[in-house]
Structure formats: structure tokens, C-alpha cells
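Each remark here refers to the structure printed beneath this line.
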Amino acid sequence: MSTCEFRNGTWLLRVASSNFERFASLATGSVFPTRRKLTWGSLCSGSEGAAFVTQAVNSVLEARGQKCVLEHLFSCEVNKDKRSWISAVCACQNQVMSNLVKESAGAAGSQRKEDEGEAGAQSLDMMDPLEPLDVADMPCLFRDIHKMNNVMEDCCAHGAKCFVPAVDLLIVGTSCKDLSKANPNKYKHQQAVLSQSSSRGGSAQTFRSLLAYLDAHRPALIIYENVDAVEDSSPSGNSNFTVLMEEFERRGYVGQPTICEASKFGPPCRRRRLYVFLVQTTANAVVDLSSRPLTSCFAEFRQFLASCMREGPSLEEVLLSHDDDAVMSELRRKGREHETMAKMVTADWPEAHMKFAADIRKLWGQPAGAHLQQNPWYHTLGLREKNALPLLQFQTPPATGMVRDLSQSIQRANSITWQEDTKRHVCPTLLSKQSLWVENLPNSRHGARLMLGREASLLQGFPICALLSEMARLGDRPQAGSLERPQAGTQQRPQAGTQQRPQAGSLQRPQAGRMAHEVKPRETFPEEDLMADLAGNGMSLAVLLAVLQSGLSCLRWKKTEWSAPVSAESDIEKACAAVETLRSASDASNAGTAGPAVQTSEGLLKKRRRG
């Protein structure tokens, strides 16, 4: 994985192609799924990096003459700003991937051909550009995982109630707040968190809601992700991992768990996480369980996954230059906010800092050196962070620790980033609400400063530069909460008696009965803080890609594909007209009821086209 490919996002295509080639050298049969279409959805979607992972797989499958397509049916995210982000991802993803395909094909060099083979480089050159995503084909965007076991739910993408889809593949990472080692209350739980009906941080509730979705919709395959601390035992002796696997097994799922360290798959960032690839063994509609036992499939899965490990660039090589426009813009914003922004401090930090200084034999209270005093980024920090940084630099020189988390206590802020075996720097695990100070190194251009949110997203493997460029082109950075932002040359016709629907590319769609003024507009979208939060809670795309491809390639697929008969368009129109008549009569007798109760004919026709 080269520095250039990692920064511009084309690594997704090259690595996806290379992974299939590595699988082919290990497998006895075909490594490509034989289905025409596999549908997928996500819960607790966050950054929805899975959209780019599946698009990369689709592009490589198409280039290799395979008919299978992974189709995105829905996302689900409770946070309003993250729903805005997901809307933008779904609106831009086709064009982003098309741009990456073109850039990847044009940049094919001798090193890539040596690493991945002449055939792999040529196959990417033959990829067709992807078509822009039509608004009618936008995946559903639901708000509440706790209601995903319902037949229909409010959909932010279409401004109406939509059917909650059953999918072939579910990608999910339920809340880790009560499970993470970073949570000081983690060890206060007497019972395993996932065995409870509720927990303080919501981990139990989101897990129970996932189980409710499985009971109602029974996806054939699941990729489940959570922190590696799931394996830790509670004081009662029972572990959350045991509860997790027992609940899946109770619903007919057999799974292959694996602990993956993201930096082993290329990105210069640590992220040790549990992934479980699960297969429904009761009446699975897509996987052929009779031709090969799952134990053999999972053995091959482990082989494939191990083959996806690769070396990648060093941290300082992928960060933005100190004079990059985005870096300078964030510096100005931090400077403006410094005077008014309340810094999170504790009353006892001076005592902790004095003790820390004594332990490292450094006199506390000395002025910071000239290299900090002359750095404008240093002056955007709060008093506690300013006091801590010189002590942290004295304890761990930049040559061994180039990243310091200033949001942590001084005892936990430093980490060793230098890896002697790979001769590169690797960022510590990204968490939400972090404030990461990156040190300047000889011959590097990023400068000593705070890490940007887009850089954190980049470290997770997100094609962030290509996405932000396309977002700016599509909507000129529209404000979150805008009702619509039509594309050039398009015009909408509102349905009679219903709220007008937004065009693809608007970054936040209102709920039925809600207006845009309920959402507070911001100067620009997305902000660096949002991108940092998304990165801190998201999956590493390199690992997700490896797990997804390994899972698809290790299984044997049913040859027959059942599809429901499709009604004629006139039949759907008649049925919708009847629904509209009933709703009008109901509205007349219950004056004051707001918001459409069901999808309009356009929404149902959308479902027909997608089917």
C-alpha cells in the first residue's frame, strides 16, 4: 500500500483487486460470489465507510467479468449530524468511486504491477465509470436502531415511512461505550453488559435492538464489530463475548470471531477490534450449506484474512502539509475560538503535572521552549494542555512518540508510535473527542500541530479527500438542515398533499412533519470535529474490506435466485391511489394530524425499480 494510493483513496481498488488474487492462489475453487445481487444494510452506521468498501468490491468484480453486485438498502444512525454525513456519502459515492477508478487506472506504475501482477493492473484499467446515484435509488436512512424490528419506520432519506428491509448482509458495530477499556466505569459492572437490558452508555440497549432486528428480518450474513475488550470477563465470571456468541447461536447463527489489528492491514494507525463473521444456518436463502461444511469455510476464511495483511506508509508521510489550505483554515478557526471556548480541566491537574515532572526529573513550571512559543498552534491550546506538552516532549522524544493525546491525563497522553520491525510511525488508536498533537519530524512537511479531523478519517482508510472534493462540487458545502439543494438542470415536482422531497446531494433530509428551521445551520459542513468523531467511532476500512472479501470468497452460494413477482406500474398506481383516498378520509376525521403515514406512489415505484 503506497503513500500516494493511501492518501488519494485509490488503495481501495488496488487492495480489493490484490486480495482476490491472493485468495485465488490459496483456494481450490472460485473465490467470487456467484449470486447476481447481494443486498446489504448497516446499523449504528456512523461514517458509513462500508459504502466505499462495497463499491470497491463491486468495481473489481465488474472488471473481472463477475455479475455479482452488492446493493446498499439502508443505513441507521441516531446522531443528526452523522445522518447528514451519511446522506452526503450516499449522494457522492458513485462519482467518488468513478473518479478513483480513473485515477487508479491512470496511475498504474511498475511497482503496482510488481506487487499485484500485470493482470490485476490491466483489470482495473478496464473498469467502467459508475453512474451518478439517482434520488429514487438512495438507500433508506433510518434514525433509531431500537425501532428497526418494525415493519415500517420513518426514513430521513425519503421523508416518509419506508419498509425496513431484510438484507442478505448486515454490517453492524453496536455501541462500545460500556465495554471499552477507555471507559473508567467499565469494571463497575457486576454482570456482563450485553446480558443486561440496559446500561449507562447504551451498549446493552443497542445490542438488544440488534437482536430484535435479527428476530424480525433474519439476514443471511452478519459482519459484527466491537472493541476487543468484549472478551474481558465481568466480576461474575461471564464475558460479554460469551453472551454475544450465545445470543447469535440462539438465533441460528454460527460465527468465526477474529481479533484484527488495523495497522497490520496497511493503514498507519492502530485499531485492535473484534470482528465476527456470522452465517445463518436455518433456511439460509443465499448460502449453500449442503455442499461444504461451515468449518471448512471458516478455515479458508482465516487463511484469506491472514493473506490480506500488508505493509503500508508511515504516519508522517500521509499527513497534510503545514501550509495546506485545510490546515491553515483550521488554525484560524482554533485561534478564533480560543478566547471563548471552555476547556475541560480538572481542579487537580497542577498537582498531577507536578508529580509527573518530578517522576521524569524535570523542573515544573518552566516556560515552554522557543519551538513551542513560536508555534501558532501551541497558542490555541488551553492552559492545561500548554503546561503538559513540554513535559510530554521531555519524557518521550518525537523520534519514538510523534503523537500525544492532549485530551487525556498527563500520565496517559504519550504513546510509542515508532515500530522497529516495520520502520515506520503508527498512530495510536483513534477515539472520539481526542485532541492529538503530532510532532514534526526531520524531512516531514506536516509541522508540529493538532491533527485535523479529515486526517483522522484518512487514517481509518476513508477516501476523505475525494469525498470532500465531490461534496464541495455537488452542493458547494450546503448547510446541514437545508430542505433541498437541487442539482443543476433538475427540477422537482411535489406530490399533491405531501412535502416536497429533496434531491440527492442535500446533506440532511427532514423527518415527516419537521421543518428545516428545527435544525440549526452551521457555517460549513462537515466540520473537522465531526470528521474526528466519525473516525474515532468508525471501523478501519482496510480491515472491513478484508473481512468482507474473505467472507464472500470462503462460502458456496446457492445457484437459484428467487425473486418476487413484480407488479405492473399501473397496479401500483391503483393501490397508491386507494391508500391516498383512505389517508385523506382519515385526515378529514382527525384534523391536525401531520406527516405522511405511508410512502407515496413515487416511493413505492422506487422500491419496484430497485427490486
### Task
Go through the steps to decide whether R404 and E439 satisfy the test salt bridge (charged side-chain N to carboxylate O under 4.0 Å, His left out), and finish with yes or no.
CA-CA 8 Å; R404 316 182 196 280; E439 300 286 2; 2.7 Å; yes
Is the backbone of [Y] close enough, under 3.5 Å, to the side chain of [X] for a donor and an acceptor to pair up by distance?
{"X": "E71", "Y": "T39", "result": "no"}
{"X": "T3", "Y": "P313", "result": "no"}
{"X": "N58", "Y": "L70", "result": "yes"}
{"X": "W437", "Y": "L406", "result": "no"}
{"X": "R271", "Y": "G538", "result": "yes"}
{"X": "K82", "Y": "D533", "result": "no"}
{"X": "E103", "Y": "T10", "result": "no"}
{"X": "S239", "Y": "T242", "result": "yes"}
{"X": "R143", "Y": "R83", "result": "no"}
{"X": "S17", "Y": "L13", "result": "no"}

For the [atom1] atom of [X] and the [atom2] atom of [Y], what is their distance to the nearest 0.5 Å?
{"X": "R7", "Y": "C465", "atom1": "CZ", "atom2": "SG", "value": "7.0 Å"}
{"X": "L278", "Y": "I223", "atom1": "CG", "atom2": "CD1", "value": "9.5 Å"}
{"X": "L555", "Y": "R35", "atom1": "CG", "atom2": "CZ", "value": "12.0 Å"}
{"X": "S59", "Y": "L100", "atom1": "OG", "atom2": "CG", "value": "9.0 Å"}
{"X": "K433", "Y": "D405", "atom1": "NZ", "atom2": "CG", "value": "13.5 Å"}
{"X": "F6", "Y": "E317", "atom1": "CZ", "atom2": "CD", "value": "11.0 Å"}

Checking side-chain polar atoms at under 3.5 Å, does [X] have a donor or acceptor matched by the opposite partner on [Y]?
{"X": "R310", "Y": "S18", "result": "yes"}
{"X": "R302", "Y": "T258", "result": "no"}
{"X": "E311", "Y": "T422", "result": "no"}

### For F277, the option from F248, F301, Y224 that meets ring pair (Phe, Tyr, Trp, His ring centres under 6.0 Å)
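Only one option passes, and that is F301.
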For the residue pair [X] and [Y], what are the closest heavy atoms and their distance?
{"X": "V318", "Y": "P268", "result": "CG2-CG, 4.1 Å"}
{"X": "V89", "Y": "S47", "result": "CG2-O, 4.0 Å"}
{"X": "V31", "Y": "S553", "result": "O-OG, 2.7 Å"}
{"X": "V543", "Y": "C260", "result": "CG1-CB, 3.6 Å"}
{"X": "H146", "Y": "S209", "result": "ND1-OG, 2.5 Å"}
{"X": "A262", "Y": "P267", "result": "O-CD, 3.4 Å"}

### Query
Do the ring planes of Y213 and H217 sit parallel (below 30°), tilted (30 to 60°) or perpendicular (above 60°)?
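The arrangement is tilted - the two ring planes meet at 30° to 60°.
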For [X], give me all partners under ring-ring contact (aromatic ring centres under 6.0 Å, His included), at least two apart in sequence or on another chain.
{"X": "F52", "result": "F462"}
{"X": "Y253", "result": "none"}
{"X": "W418", "result": "H425"}
{"X": "F298", "result": "none"}

### Counterpart residues, salt bridge (charged side-chain N to carboxylate O under 4.0 Å, His left out), relative to D144 (two or more places apart)
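By the salt bridge (charged side-chain N to carboxylate O under 4.0 Å, His left out) rule, D144 matches no residue at all.
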### Task
Would you sort out whether L38 and D168 count as a side-chain contact (heavy atoms from CB on, under 4.5 Å), showing the intermediate values?
CA-CA 6 Å; L38 291 170; D168 299 318; 3.9 Å; yes
Is there side-chain contact between [X] and [Y], with at least one heavy-atom pair below 4.5 Å?
{"X": "F207", "Y": "V172", "value": "no"}
{"X": "L530", "Y": "L534", "value": "yes"}
{"X": "W11", "Y": "L545", "value": "yes"}
{"X": "C44", "Y": "I145", "value": "yes"}
{"X": "V60", "Y": "F32", "value": "no"}
{"X": "V426", "Y": "T417", "value": "no"}
{"X": "N94", "Y": "Q55", "value": "yes"}
{"X": "V279", "Y": "L289", "value": "yes"}

### Task
Write out all pairs satisfying salt bridge (Lys or Arg N to Asp or Glu O under 4.0 Å) with one or both partners inside residues 210-224, taking only residues at least two apart or from two chains.
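Every salt bridge (Lys or Arg N to Asp or Glu O under 4.0 Å) pair that includes a residue of residues 210-224, provided the two are not neighbours, is D215-R251.
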### Task
Begin from the C-alpha positions of Q419 and S263 and carry the test side-chain contact (heavy atoms from CB on, under 4.5 Å) through to its verdict.
CA-CA 11 Å; Q419 291 187 337; S263 62; 4.1 Å; yes
### Query
Can you list the steps and then say if L467 with W85 is a side-chain contact (heavy atoms from CB on, under 4.5 Å)?
CA-CA 11 Å; L467 176 61; W85 172 268; 3.6 Å; yes
### Message
Run the side-chain contact (heavy atoms from CB on, under 4.5 Å) test on L552 and L169 for me, step by step, so that the C-alpha distance in whole Å, both residues' side-chain angles and the decisive distance to 0.1 Å come before the verdict.
### Response
CA-CA 10 Å; L552 294 178; L169 169 65; 5.5 Å; no
### Task
Report, as yes or no, whether the 6.0 Å neighbourhood of atom CD on E249 holds more than 12 heavy atoms from other residues, nucleotides or ligands.
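Result for CD/E249: open.
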#### Entry: Pair S321-R445, side chain to side chain donor-acceptor pair (under 3.5 Å): steps then yes or no
CA-CA 5 Å; S321 172; R445 301 186 64 246; 3.3 Å; yes
### Task
Take R454 and E528 through the salt bridge (charged side-chain N to carboxylate O under 4.0 Å, His left out) test and state the conclusion after the steps.
CA-CA 6 Å; R454 69 187 65 199; E528 298 292 339; 2.8 Å; yes
